[in-house]
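A short worksheet on the structure shown next.
Values reported hereafter were calculated over all heavy atoms of this structure, with side chains retained and with hydrogens, waters and symmetry mates removed.
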Amino acid sequence: TNAFSSVQQIGLCSECSVIALASEDSGRIFVATMSLSSYETQVSYQEDGETQWTTMKAPENENSGSFRILFNSFTLSSETLFAIAYKSSSGLLTDNEIDFYSVSWSLENPQETPRVALLWEKKCTTASTVDNIVYPSIVSSGSNMVAAIPDVSCPAEGSGISFAVYDSELNDVDHQISPLEDCRTPRYFESANDAEFLYLSDGAQMQMFDGESWAAILDNTYISTVYTSESRQQVFTGFHFGYEQSVEFSNYGSLAAGLLFTGGIYSPGTVLCMAEISETAFIIGGDFKYVANDDGIVGAKFSAYYDGDRWKATLESNENNYLPGWRLLSIASIGDTVFGIADQGRDTDLLPLVRWRPDDGWLFLYKRPEILDESLWDNTVGTVHIDHVRNQVYFGGQFTVGLASGDACSGALIYDYMREAWEPLPANLTRVNTFGSLNNHAYMQVGGQFTYVDENSVHHENYIVLDIENKAFLSSVPSISDSEVFSVSLFPNEPIYSFVGGNFGQYGVEQLRYVGNIWSLSVVGNSPIKPTVYSLESRNEGEILFAGGSFDGKLSKLDIGRQEWNNLIPGASLWQGNIYSLLLSCPGDSEYYSVDSEWDDSSLLGSFYSVADCTIPIGAPDDFVCPTDDSLSVGQMVGLGFTVLITIVILSVIGFFAFRQIKKQAEEDELSVEYL
């Protein structure tokens, strides 16, 4: 059409997503849509020049269950609209058993019942993750269809792809297409010159079939899209090796490729953490290189700051050789000050604990703890929590470090940011993933993957609660065995209740309650969400809990009173990626804290921007302060002037006697040198 219009405006469906499109030269358009609530699919078409959409008949067979159209699986031949449909127990592509079918509608009579034939059966013992879903792909070839099919029922690393050709009636047709080895799933499958050349990618390589054999055009990369241009007789491949997106092209039938362009467009990374600075400003951290404003992208490696209007970089450069390999694992804020734990690789002796403010940027914390056992240190794990009441920051991870006091601690440590002093948690733990206050800041929850026996000989696994003032763990709080805790969140209007998120086998969230002097843990929701939950958020008031993670819905909300979970992301089963961090901003009912904006940073160890002007001596006292003013006092200026004068007199005397000696030596030797 000559104007853009939304799916709702053209009357196709009220709450749906378009998952497949195709169009004929005549102008007829075919659309497959998926309901955002039931995931049911529907195929419709519209004739050129008309506004009415006609629903096409769904595929049918003798087996129970409805068919769902596979995303982006339409392909048109001269006579037929081909597609792939599937059936599974939940309707999701992550199910461990799925039947895939080839479907064909006649272009001459598109309202007739389509033909259906079994294409491939996926049979695995466990469900797939969203990042590892597998499926067949199809392209057209004249009046036929070519199908690329995994060659085993449960594809794994090292498995390959086989091929089949079908006519419009879905009958087998003889072909000479060789199998493709070491290719797990046909993520991108394209035909050129009526299947004279075939192009196939599993997301890491691009292979071309020239009628005789397969050969690689591109390998060992991340391929994001493939497009064939019949008018230019070229195939275009979008890919990246890390951050900058590139597009290369090659002529049909050629293995040689040229680079069309690289960089200048956004390439996704991973946001691992977020923290609120004010009611309108916040900061993000992770493993990325760019963020985007309306007027263009900003080079913002490692971290970016949103001031309420636009994104800003927090580092002076985003070049690959600047802080190579760095990423920000976790952050927490107090006012405009952010504390974080980073992953700077393993080439360090000190734990990479950092601080940021808009005025002075990123700095390492004063007297960072020394890593004592590198074999037990996992530099990819870290969490940060601020106890605003006590001016303390809790850092967690998988490490064993030594403090300046001589104490050693594992898994967690505490930093007093007003006294710039470190202290251990009263327990050595293997891996700590999260902290969370409880009972109006009287208790601190600690979650992760660990085993601990307290002073009362009570055995704790993966979740404990600390009485902060008494520095003792609550023995009566139950453990969460055979699990890993990743997040905790407050229970609205119940200061001594809590939600706990992670991987608990069959579900992802539990709730901690304290009733009748008894602590208890129980599953959350009438239909609990499955693991893994990486982040939980809830308000101080209200009846809603938000959960994000790698489970099928990715992002869900819980009506606490009704104990009902609802997915918030349409078509989340088709997403590539997980949710690692949630930030809930509710200025009306949240606690906001701040610190003195003139807080001195002179005793911090150094910055990311330049060599520190002052090196703190080993063993320096806690009150050691580097000079903060480059100007000199009057006394210093007089002292410096006197020192310079004495130095000049000494140099003059030395120079006078040296000159007399040289002149005497010259008179005794042959005059081969001229003196001025």
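In terms of modelled atom types and a separation under 3.5 Å, the side chain of S333 and the main chain of A275 share no donor-acceptor contact. Remark: side-chain polar atoms of S410 are not paired, donor with acceptor, to backbone N or O of N428 under 3.5 angstrom. Between the side chain of R346 and the backbone N or O of W377 there is at least one donor-acceptor pair closer than 3.5 Å. Between the side chain of N503 and the backbone N or O of G505 there is at least one donor-acceptor pair closer than 3.5 Å. Under a 3.5 Å cut-off, the side chain of R355 and the backbone N or O of L365 do not form any donor-acceptor pair. Remark: the backbone N or O of M444 is not paired with any side-chain donor or acceptor of S437 at under 3.5 angstrom. Judged purely by atom type and a 3.5 angstrom limit, N433 uses its side chain to pair as donor or acceptor with the backbone of V485. Between the side chain of W422 and the backbone N or O of K367 there is at least one donor-acceptor pair closer than 3.5 Å. With hydrogens and angles disregarded, a donor-acceptor distance shorter than 3.5 Å links the side chain of S535 to the backbone of L582. With T185 contributing its side chain and Y135 its backbone, the two residues share a donor-acceptor pair below 3.5 Å.
Distance check, rounded to the nearest 0.5 Å: CZ of R327 to OG1 of T270 gives 8.0 Å. Note: I496 CD1 to Y443 OH = 5.5 Å, rounded to the nearest 0.5 Å. Of the inter-residue distances, the one linking E537 atom CD with L490 atom CG reads 8.0 Å to the nearest 0.5 angstrom. Atom CZ in F282 sits 10.0 Å away from atom CD1 in I277 (nearest 0.5 Å). Distance check: I98 CD1 to K122 NZ gives 4.5 Å after rounding to the nearest 0.5 Å. In this structure, CG in D416 is found 11.5 Å from CZ in R390, a value given to the nearest 0.5 Å.
Taking the ring centroids of Y497 and Y514, they lie at or beyond the 6.0 Å cut-off. Between W362 and F339, the gap from one ring centroid to the other reaches at least 6.0 Å.
For the residue pair D95/S88, the side-chain donor-acceptor check at 3.5 Å is satisfied. With 3.5 Å as the limit, one finds a donor-acceptor pair spanning the side chains of S556 and N567.
Proximity of V298 to K312: side-chain heavy atoms (C-beta onward) are nowhere separated by under 4.5 Å. The closest side-chain heavy-atom distance from R419 to N391 is not below 4.5 Å. The side-chain heavy atoms of Y417 and I386, taken from C-beta on, include a pair separated by under 4.5 Å. Between Q392 and E423 the shortest side-chain heavy-atom distance falls below 4.5 Å. Here the side chains of I414 and L425 are in contact, with some heavy-atom distance below 4.5 Å. Under the 4.5 Å side-chain criterion, counting only non-hydrogen atoms from C-beta, V488 is not in contact with L512. Contact annotation: the side chain of L413 approaches that of F399 to within less than 4.5 Å [non-hydrogen atoms, C-beta and beyond]. Inter-residue side-chain proximity for V509 and L558 is flagged as unmet; no heavy-atom pair is nearer than 4.5 Å.
Shown here are the ring pair (Phe, Tyr, Trp, His ring centres under 6.0 Å) partners of F486, two or more places apart in sequence or in another chain: Y534. Among residues two or more places apart in sequence or in another chain, the side chain to side chain contact (heavy atoms under 4.5 Å, CB included) test is passed with N456 by D454, V458, S475.
When every heavy atom of V432 is checked against every heavy atom of V381, the shortest pair comes out as O-CG1, 4.3 Å. Shown here for G340 and F395, the closest heavy-atom pair between the two residues is O-CE2, 3.7 Å. Contact between L584 and S538 at its shortest, heavy atoms only, is CD2-C, 3.6 Å. When every heavy atom of P369 is checked against every heavy atom of L353, the shortest pair comes out as CD-CD1, 4.0 Å. Among all heavy-atom pairs drawn from L328 and A342, the shortest one is CD1-CB, 4.2 Å. Between V401 and L351, the shortest heavy-atom distance links the atoms CG1-CD2, 4.1 Å.
A salt bridge between D552 and K530 is absent, with no side-chain N of the basic residue lying under 4.0 Å from a carboxylate O of the acidic one.
Using cut-offs of 30° and 60° for the angle between ring planes, the F435 and Y394 rings count as tilted.
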- Message: Could you go through T94 and I133, starting from their C-alpha distance and side-chain angles, then the distance that decides it, and tell me whether this counts as side chain to side chain contact (heavy atoms under 4.5 Å, CB included)?
- Response: CA-CA 6 Å; T94 53; I133 58 175; 3.9 Å; yes

- Step-by-step side chain to side chain contact (heavy atoms under 4.5 Å, CB included) determination, L474 to D467: CA-CA 7 Å; L474 304 184; D467 182 332; 4.2 Å; yes

- Message: side chain to side chain contact (heavy atoms under 4.5 Å, CB included), that's the test. Do L272 and F288 meet it? Break it down for me.
- Response: CA-CA 10 Å; L272 297 173; F288 53 85; over 6 Å; no

- Task: Check the pair R431, F450 against side chain to side chain contact (heavy atoms under 4.5 Å, CB included), reporting the backbone distance first and the verdict last.
- Result: CA-CA 6 Å; R431 179 200 296 253; F450 51 77; 5.9 Å; no

Atom pairs and distances, side-chain donor-acceptor, residues 518-527, under 3.5 Å, sequence neighbours left out:
unit_1: S522; atom_1: OG; unit_2: Q511; atom_2: NE2; d: 3.4
unit_1: N526; atom_1: ND2; unit_2: R562; atom_2: O; d: 3.1
unit_1: N526; atom_1: ND2; unit_2: Q563; atom_2: O; d: 3.3

